[in-house]
Structures are given as C-alpha cells and as structure tokens.
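I have placed the structure first, in the form of structure tokens, so that the comments after it can refer back to it.
These values consider heavy atoms only, across backbone and side chains, with no hydrogens, waters or symmetry-generated copies.
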Amino acid sequence: MGKTDRKLEKAVKMMNDRGLDGLIIFSRGNISVLGPSYLHYFAGVRLFGRMSAAIVTRSGDVALLVGPSWDAPRVARKTWIGDVRGTSTFPTDVTRTMKELGISGTVGLVGQKEITEEAYIAITSVAKVEPAEALIEDMAREKSPEEIEQARIAAKIADIGFEAFLEYSRPGQREYELAAEMEYAMRLAGADDIFILLSSGSHNDEMHEPMDRRMAKGDIVIGEITPIVDGLFFQLCRTVVIGRPEPVVSEKYDMLMRALNDSVAVAKPGAPAGVISKTMNKVISDAGYGKYCYPPYMRARGHGFGVGSIAPGGVIDDNTAMPLELGQVVVIHPNQYIPETGYLACGETYLVTEKGAEKLAKTETKLYTKEV
Amino acid sequence: MQGALKNGRNVLDWINMPQVEFDSHVTGIREAMKKEMLDLLLIYGYAFDSYGDVAYVTNCITRLPRGALVALPAKGQPALFFDGSSRGIPSYRKTVSDADIIAVSDMVRDSLKYLTDRNLLQGRIGMVGLRQLMPYEQFKALKESLSSCTVTEVKSVVADRRLLKSAREQDEIRRASRILHEIFEGVREFSFPSLNEHSIQAFLYREARYAGAEDVRALVGKAVGENWYLWPAEKKAINEGQTVSLYLALEFERYWAEAARTFRVENGSLKPADQVLEQAYRESAEAVKAGETGSEVCGSIAQTLKSRGFEMLTDYGLGYGVGLSPEEPPWIAEGEDTRLIEGMTIALHLIVKNKDAGVLMKGETLLVTDAAPVVLT
C-alpha cells in the first residue's frame, strides 16, 4: 500500500469513527504562509482554481473536482486519485458528484474558512455539514520521511535566496529589484513559489512588499526569505547592514541572537510551543524592551510550516499551548522593533527532533554587513 | 495560478494615478448609488485576483489570501478595512488613495462597529462582491448583523464603470503590455544556463519583476503525444527542436495585461515559431471592435481561422476583458451579448493547430476602437 493510499485509509477510518457519511475537502486555490493547504496535502497536488474539492465516501470512493476544467489533465497526472473531473460549474458538479457517489446524511467539510456561499449552499443542499479540518490536521501532523526531505530541499533553496539577498543589498539597487534577484535565484534552484517581505532604510518600521526605494550606504535591509517547494514554506529572516553597522545595531542584534539561541534551546518535543515565545520575550524584556514584545509592535514569535498541518500553529506566542512534536517544521524568529534601531529581522526554520531543534539552513545566523 | 504573495513592486504612482482619478471613480459610483437610492455601498475584494472593485476606489490590493472591504457612504470619505494588524497601516498609507484605513482582526465585527459608531448603517445599503467572494462564515455573520437594514446586491454599480477604461487606466495597461512585449523580445536573446521549464519561468519572472510587475502568471504550453497542454512550469527539460508556447500575464500598478508567444528551440535558444499565425491573428483580432458582441467576435474568429486552414483549440477560452482583474467582463465567448465599446481592453489568445506547424499559441492585449484594435503588447 502506497503512502497516498494510506491517506485515504486514514480518512475513511476517521470518517467512520466520527459517524460521517462523506468528506468534502474544498480549496479556493490559494496557499497561505500561515495556514495549511488541506486539498494539496490530501490530493498530493497544488490546485489553482477558485473552486476545487475532493469528495470522499465512507467506503473509500473518491472523486476530485478540478477548476478550471483545463487544469484537470495536469492534476490527473500528479494525484493518486483516479477519478479526476474538470469543472467549470462547481456548484452543479459538486451536488451531482455527491449524489452519484451516494453521499447524504452528514459530511465533514474541510476548508470552511475559505468556502463561499455559492459552494456552501450547493453542498448543504445534499447533506448536512460539520467542520472537519481537524481530520486532515490529525492525519498531517505525522510527518513522513518524504516531507522531512522536502524541508531539507527547501532549506537549500532558502540559503540560495539568502545569498542573493546579501549580494544584491547594495547602494543604488531598488527594493523591488532586490526581490527580483532573490526570486530568480530561488526559482532557478527549484522553488515553485516565493514569499518575500523586506524593507530597507536607516530605521524600518516593518517588513512589506518591495517598493521603489533605492538602497543606500548605512541602510539596514531586513527580509523574510521564503521559498515554497511543493506546497511547503521554509523561512529565513535576515538582516544586512550596508556599510559599517552602528554599534547600537550590533549590540541589539546580539541581544536578538541570544533570544533566538535561548528559545531554540527549549524547543524540544513535548514542550508547549509557547515556551519559545516566553523564553525569547524574557531575553528581550530583560534588555528593556518588554513593551515592544507585544501588540501592536510584535505578536508571533514563530509558527509552524507544513502542507496539511502547520502545527503547532500559525502564531506562536506566550499562550500557545500546543506541544512541539517530532517532525514539526517551525520557524523561530525574534524579529523585533527596537526604538533605537527600528525593526530587525532574525530567524531560522528548524526541524523538531528527539535531540531538540535542528537548524536546517546552512548559512549562518548573524548580523551581516555589506562592505561598500 | 495565484501565488502565495504579490512579491513585486507595490506602489501608488501619483503621476500615473493621481487622486483626481480615484475621485472620478468615486463620483461615477456615487451617481449610480443615487439611482439605486443607496446610502452606503460595501465593496469587498479577496486574495490575488479579486481585488479589482476595491482597488478601483482606493488602489488597495489584497496581497495575501485575505479580504479587504470598502465602505463608501453617499457623502464623505471612504473607509478601507483590511485583514491584518495595525503595523501594516504605514505601508497601506503609501499605496492607498484618500481613505480612512483600518486594520481589522475580525472583518465583520470590526467594520460594523466602525460603521455603527459613525451612524452609517442606515437607510439602504448596497453590496458588491460580498456574496461571491467573502468566506461564507463571515458573509453569514454579516447578513445576520444587517438583518434590520435594507440590503441589496448591486454588482453593476462598480462593474459597469470598470468595463470602460479611462485614459489613465489605458495607460497603465499600456505600461503592463509594454513590459510583456519587451520580455518576449528579450527571451529570444537570452542564453539559458540550462533550458527547461523552470529556468524559462524563472527568467520570465525576473524580467517582469525588474520592470516593476507586482504579480506574474506564467504557463508553459507543450504537446504531449496527441494532446497539447498549458500548465505551470515543472522540472522538465525542453529539448532541441521542440515547440513551446509561453503564456505570460502580469500586473503593473494594479493593472493586468497578458500575451502569449510560441517558440522553437534552436541551438539552445528560443526562436519565434508563430509567424505562420501572424496574419491569421491580425485578421482575427480585427473582429474585436466597437459594436460587436463577444459572441459575434467568437464567430468571426472561428471563420477566419478556418479559412486560413487552422483548427481552433477552445479548451483554454478565447478572451476576456483585462484591467484590474486578470480576467473580467466582457467575455469573448459564445452566448456573450455585451457589446464592445471603444476604450475597453481585451486579452485575446488563439490556440490553433495545423498539420504543418503543429499547435501554436499567440495572444495579445488589445485596446478596442471603432476600427481595428490597437495591439498594446
């Protein structure tokens, strides 16, 4: 039995345990850095259309509706699901398919936060629905060796993205040109999508999409370098100073490095993820910046990455109770606004192992300087 | 084909799109609101492709799979609510026209509180895009919260205005189109380190980003056995002598354009292979003129291509309007009865087959006139 069959087997078992007559895994075609892609995980392929869904019966029959219909051949080539149907009229097709597969009663609906009225009404015209995101989350929390290898591949691509970030952070280069070079390097290395936030200036307030600004000597350039490989995000948060950094910048960055190292040291299987945030915030608070550790200045101190589950969650803060588990891929980032320096970026993505958090990227975590 | 984030240049260029442009959009919408006797209009946008109505009023785009809502009262400043934290407000201020900007963690709760506090939830309220785009859980909560108000759906209040592009909007689409033209000129000269779908896609993205594209969509078209497919780049080699079509759409300062070209691999480079379709494309595009319906254009093109000995492949459609959305009305398709008007912008792509040339794809962005369209790409 292949790994994909095991997904179906697990889904059917969970549906039967919960007394569900069917399962609908809906996708709106978006992927989010702070959320799972349930249908991508289940079907093993990224869907792009505004309405697609896998429809699963409790006996294990499964059909995949793909919008736009012209994308069905690509999806059929990549998914383990044998019954792939293109759709250009999703509401009609989902009701027809549910009836054809004999689904009625109560179905689990995955993708409740995305689904629009038209699709929801169509599904509920055939069956009652219950939220079922937890079903895929539970399934996806256990990471396969292939998924862990995928994280290692993404780490290599992120390192390549960082090298471009360092090379092209230079006087005269515009922010959007810097992003272009980072994206180019990472796509060439095999990333199929990219997420880049950055900012440049002597005092940054936040990271944002690149603007027209030309970088200059003395700038602090901050960036979130995030390639996506087959649906998995991987992130490095880095700071480069163009020219010699002011002593205060080096001093504050050292403090963030201590916050990172201390929080990584407590990131072990079984520990509540919130301990990462508490440990980090203590170092920063002890340095006199306690109020800047919390909204409106800062909120998340990290988050999980994964295709079907981003456990321990999209926000790791002091209150995150979910425990860290083996195989989780987690970014830990004491990115911090500091009044004297502005926003500084510092963060790495780790794999949770029995020995603790394993840094996956090879490039060093430090304050980088660019001689000019 | 939506990405994880709009990674490119994010600006409001006040020379290209001054406040007076947004004022004129708002004035037009308010005139339509008056006809509908609306006291307040709620306009919703979501994610990477469906931000157009919101941007038309404010220049705001949704850069993540999140929502944005504009509340436009009959008089006074519009309010823009975006899903996100208040830390994002400074960058919104740099890229949004005159509006009150509010970060929300719960779109329905927070926006309704704002509107209630200002006594704006009164009289007749129009909705644009909420039913179609807002996640159902939120939409249901909104509907319930507005149950004591008179609420009506008025999609056309904004959509009708967006059909026809102003001179400034045409110029933005012209700029986006010029980037496409230059990329396709440049791709023939580029020496690829290794020729495969990923390396070509990476090149297209870099050139687009360098020219200021905010969002990019690229697809590769290739024959596989008897069939021909268009799909996102994969880790696949492109071999000497192979024919490959490239579809590229990009967004520049919120406005989209698209184009497609077909190349043949010769000595490791991409050489144009769609000249044989050049004349047929030009004749086909002549059908895209003011006064024709989308359906009539479709019929004319089918006739033209048949007379030129091409079989038309229709799985990927023929065309649509292009502007603040990558695909928007009017549709160039059978049964579409919207008449084209001078000043509309249309993306028209032809995918054809003949026994000598195989499958070829060619696409352009066109500006509709009373005569033959102006090719912008």
### Message
What part of A:Leu34 gets within 4.5 angstrom of chain B, counting heavy atoms only: side chain, backbone, both, or neither?
### Response
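A:Leu34 touches chain B through side-chain heavy atoms alone.
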
### Message
Under 4.5 Å from any heavy atom of chain B, what part of A:Ala191 do you find: side chain, backbone, both or neither?
### Response
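The backbone, not the side chain.
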
### Query
Looking at B:Ala4 and A:Phe195, what are the two nearest heavy atoms and their distance?
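Where B:Ala4 meets A:Phe195 most closely, the heavy atoms are O-CD1, 3.8 Å.
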
#### Entry: Partner residues of A:Ile310 under the side chain to side chain contact (heavy atoms under 4.5 Å, CB included) criterion, sequence neighbours left out
A:Pro36

### Task
Output all residues satisfying side chain to side chain contact (heavy atoms under 4.5 Å, CB included) with B:Leu146, sequence neighbours left out; order by chain, then residue number.
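Side chain to side chain contact (heavy atoms under 4.5 Å, CB included) check on B:Leu146 returns B:Leu42, B:Leu112, B:Leu121, B:Ile125, B:Leu142, B:Cys149, B:Val151.
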
### Message
Can you tell me which of A:Ala179, A:Ala185, A:Gly35, A:Pro296 forms the most heavy-atom pairs within a distance under 4.5 Å of chain B?
### Response
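Option with the greatest count: A:Pro296.
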
### Task
Kindly write out the residues that satisfy ring pair (Phe, Tyr, Trp, His ring centres under 6.0 Å) with B:Tyr255, not counting sequence neighbours, or none if the list is empty.
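Counting only residues at least two positions away or on another chain, B:Tyr255 forms no ring pair (Phe, Tyr, Trp, His ring centres under 6.0 Å).
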
### Query
For the side-chain contact (heavy atoms from CB on, under 4.5 Å) test, which of A:Leu197, A:Val33, A:Ile228 pairs with B:Leu5?
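One option only clears the test, and that one is A:Leu197.
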
Under 3.5 Å, which donor-acceptor pairs link chain B to chain A? Give each pair on its own line with the distance.
residue: B:Gln2; atom: O; partner: A:Arg46; partner atom: NH2; Å: 2.8
residue: B:Gln2; atom: OE1; partner: A:Asn30; partner atom: ND2; Å: 3.0
residue: B:Ala4; atom: N; partner: A:Asp193; partner atom: OD2; Å: 2.9
residue: B:Asn7; atom: OD1; partner: A:Ile196; partner atom: N; Å: 2.7
residue: B:Asn7; atom: ND2; partner: A:Ile194; partner atom: O; Å: 2.6
residue: B:Arg9; atom: NE; partner: A:Asp212; partner atom: OD1; Å: 2.5
residue: B:Arg9; atom: NH2; partner: A:Asp212; partner atom: OD2; Å: 3.1
residue: B:Asn10; atom: N; partner: A:Pro210; partner atom: O; Å: 2.9
residue: B:Asp49; atom: OD2; partner: A:Arg50; partner atom: NH2; Å: 3.2
residue: B:Arg63; atom: NE; partner: A:Glu209; partner atom: OE1; Å: 3.4
residue: B:Arg63; atom: NH1; partner: A:Glu209; partner atom: OE1; Å: 2.8
residue: B:Arg87; atom: NE; partner: A:Tyr297; partner atom: O; Å: 3.1
residue: B:Ser91; atom: OG; partner: A:Glu206; partner atom: OE2; Å: 3.1
residue: B:Arg131; atom: NH1; partner: A:Glu117; partner atom: OE1; Å: 2.4
residue: B:Arg131; atom: NH1; partner: A:Glu117; partner atom: OE2; Å: 2.8
residue: B:Leu133; atom: O; partner: A:Arg28; partner atom: NH1; Å: 3.0
residue: B:Leu133; atom: O; partner: A:Arg28; partner atom: NH2; Å: 2.4
residue: B:Tyr136; atom: N; partner: A:Ile115; partner atom: O; Å: 2.6
residue: B:Lys143; atom: NZ; partner: A:Glu117; partner atom: OE2; Å: 3.4
residue: B:Arg209; atom: NE; partner: A:Glu183; partner atom: OE1; Å: 2.6
residue: B:Arg209; atom: NH2; partner: A:Glu183; partner atom: OE1; Å: 3.3
residue: B:Arg209; atom: NH2; partner: A:Glu183; partner atom: OE2; Å: 3.4
residue: B:Tyr210; atom: OH; partner: A:Gln173; partner atom: NE2; Å: 3.0
residue: B:Tyr210; atom: OH; partner: A:Glu181; partner atom: OE2; Å: 2.7
residue: B:Glu234; atom: OE1; partner: A:Arg77; partner atom: NH1; Å: 3.1
residue: B:Glu234; atom: OE1; partner: A:Arg77; partner atom: NH2; Å: 3.4
residue: B:Glu234; atom: OE2; partner: A:Arg77; partner atom: NH2; Å: 2.9

## Note on the structure
Under 4.5 Å to a heavy atom of chain A? For B:Ala47 that would be side chain

### Task
Using non-hydrogen atoms and a 4.5 Å limit, figure out which bit of B:Leu219 sits close to chain A: side chain, backbone, both or neither.
side chain

